[in-house]
Trainee: 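Have a look at this one before I ask anything.
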Amino acid sequence: MNKKGLVNKYARALYNVSVQKEDVKEVSERVHYISAVMKAVPEFSQFLQTHQISAEDKLKVLKNVLKDEILSLEVELLAELIQHGHVLLMAEISRRFAYLVEVDSSVVNVKISSATELSKDEIKD
């Protein structure tokens with residue numbers, strides 16, 4: 001399976017489970033958090049990618065370090081990504097998951113350009 005297919009597979013599975021658990025918003029925040037940490041701390045990404053540390057040891061460290069920030073669903077996702085060597089897809093999975101949440105929600109994001117400043121009532125409408 002190609003990279004895009006893997007990203008879609010993981011994001012869709014994560015989304016479906018989070019919908020079943022009625023935890024979409026919180027899962028979205030936690031997945032974004034993991035992705036942000038991986039981007040901000042390169043050593044963390046390197047730790048997750050290295051083959052010198054077993055998947056079990058990596059998961060133990062993740063559970064200890066991120067125990068207050070992630071739940072079992074995100075741990076299971078990371079375990080799957082680590083075991084199959086796809087941990088670098090986390091940022092793209094996070095973006096795809098956010099897209100799925102946005103598409104499925106009743107909220108529509110729009111950007112308005114106006115020649116004049118809008119009143120508060122106009123903005124609200």
Side-chain angles (χ1 to χ4, degrees):
M1 187 178 292
N2 66 18
K3 181 176 151 181
K4 186 176 179 180
L6 286 171
V7 168
N8 287 334
K9 176 184 123 179
Y10 286 122
R12 175 60 64 186
L14 182 64
Y15 180 75
N16 290 339
V17 172
S18 66
V19 167
Q20 288 174 352
K21 292 185 175 206
E22 297 179 357
D23 196 23
V24 176
K25 182 180 182 216
E26 291 78 11
V27 170
S28 181
E29 290 170 359
R30 292 189 299 263
V31 168
H32 176 73
Y33 174 79
I34 294 166
S35 180
V37 168
M38 289 178 69
K39 183 177 180 181
V41 185
E43 295 84 2
F44 181 65
S45 292
Q46 290 172 349
F47 165 75
L48 294 177
Q49 293 173 56
T50 186
H51 296 289
Q52 296 174 348
I53 301 170
S54 71
E56 296 89 25
D57 288 342
K58 290 176 189 177
L59 291 174
K60 285 178 189 174
V61 170
L62 283 171
K63 288 177 186 177
N64 287 328
V65 173
L66 299 176
K67 64 183 171 193
D68 296 331
E69 304 298 328
I70 64 174
L71 298 179
S72 62
L73 180 59
E74 295 84 27
V75 171
E76 289 174 28
L77 172 65
L78 286 169
E80 182 74 16
L81 294 174
I82 289 167
Q83 289 173 350
H84 292 93
H86 300 303
V87 76
L88 287 178
L89 298 177
M90 190 64 206
E92 292 177 62
I93 292 168
S94 175
R95 282 192 294 275
R96 182 66 182 173
F97 182 83
Y99 170 78
L100 293 171
V101 171
E102 184 178 319
V103 167
D104 200 32
S105 75
S106 60
V107 176
V108 177
N109 292 323
V110 295
K111 183 176 181 178
I112 298 173
S113 298
S114 174
T116 60
E117 188 172 343
L118 301 175
S119 71
K120 289 183 181 182
D121 289 334
E122 289 174 318
I123 292 172
K124 184 178 176 186
D125 289 341

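Residue numbers count from 1 along this sequence. Atom set for the values below is all heavy atoms of this structure, side chains included, hydrogens, waters and symmetry mates excluded.
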Trainee: Minimum heavy-atom separation for Arg96 to Ala11, with atom names?
Mentor: CG-CB, 3.5 Å
Trainee: Treat each ILVMFWY residue as a node, draw an edge where side-chain heavy atoms are under 4.5 Å apart, and state whether Tyr99 and Ile34 are in one component.
Mentor: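 Same cluster.
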Trainee: Could you tell me whether the side chain of Leu59 reaches within less than 4.5 Å of the side chain of Leu62, counting heavy atoms only?
Mentor: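 Side chain of Leu62 against side chain of Leu59, heavy atoms only: contact under 4.5 Å found.
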Trainee: Going hydrophobic residue to hydrophobic residue with side-chain gaps under 4.5 angstrom, can you get from Phe47 over to Leu77?
Mentor: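 Yes, one cluster joins them.
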Trainee: Nearest 0.5 Å, please: how far is CD in Glu92 from NZ in Lys4?
Mentor: 10.5 Å
Trainee: More than 12 non-hydrogen atoms from neighbouring residues, nucleotides or ligands closer than 6.0 Å to CD on Glu29, yes or no?
Mentor: yes
Trainee: With hydrophobic residues grouped by side-chain heavy-atom distances under 4.5 Å, do Val87 and Val61 end up in a single group?
Mentor: yes
Trainee: Got a sec, which residues hit salt bridge (Lys or Arg N to Asp or Glu O under 4.0 Å) with Lys63, two or more places apart in sequence or on another chain?
Mentor: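 Listed in chain order: nothing, the list is empty.
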Trainee: With sequence neighbours left out, write down each residue that passes side chain to side chain contact (heavy atoms under 4.5 Å, CB included) with Thr116, or none if nothing qualifies.
Mentor: Ser114
Trainee: Enter the distance from Gln52:CD to Asp57:CG here, rounded to the nearest 0.5 Å.
Mentor: 12.5 Å
Trainee: Taking Glu122 for the side chain and Ser119 for the main chain, is one N or O donor matched with an acceptor at less than 3.5 Å?
Mentor: yes
Trainee: CE/Met90 to NE2/His32 distance, rounded to the nearest 0.5 angstrom?
Mentor: 10.5 Å
Trainee: Could you state the interatomic distance from NZ (Lys58) to CD (Gln83), rounded to the nearest 0.5 Å?
Mentor: 10.0 Å
Trainee: Mind checking whether Ile70 and Leu78 have side chains closer than 4.5 Å, heavy atoms only?
Mentor: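 When only atoms from C-beta onward are counted, Leu78 and Ile70 do touch, with a gap below 4.5 Å.
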Trainee: Among Ile82, Leu81, Leu88, which one satisfies side-chain contact (heavy atoms from CB on, under 4.5 Å) with Leu48?
Mentor: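 The side-chain contact (heavy atoms from CB on, under 4.5 Å) with Leu48 is passed solely by Ile82 among Ile82, Leu81, Leu88.
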Trainee: Could you state the interatomic distance from OG (Ser28) to CD (Glu102), rounded to the nearest 0.5 Å?
Mentor: 10.5 Å
Trainee: Can you tell me how far the OG atom of Ser72 sits from the NZ atom of Lys21, to the nearest 0.5 Å?
Mentor: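 Interatomic distance, Ser72 OG to Lys21 NZ, rounded to 0.5 Å: 4.5 Å.
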Trainee: Indicate if Val17 and Val7 have the same hydrophobic cluster label, given that clusters are the connected sets of ILVMFWY residues with side-chain heavy-atom separations under 4.5 angstrom.
Mentor: yes
Trainee: For Val27, what residues pass the side chain to side chain contact (heavy atoms under 4.5 Å, CB included) criterion, not counting sequence neighbours?
Mentor: Leu14, Ser18, Asp23, Arg30, Val31, Leu73, Glu74, Phe97
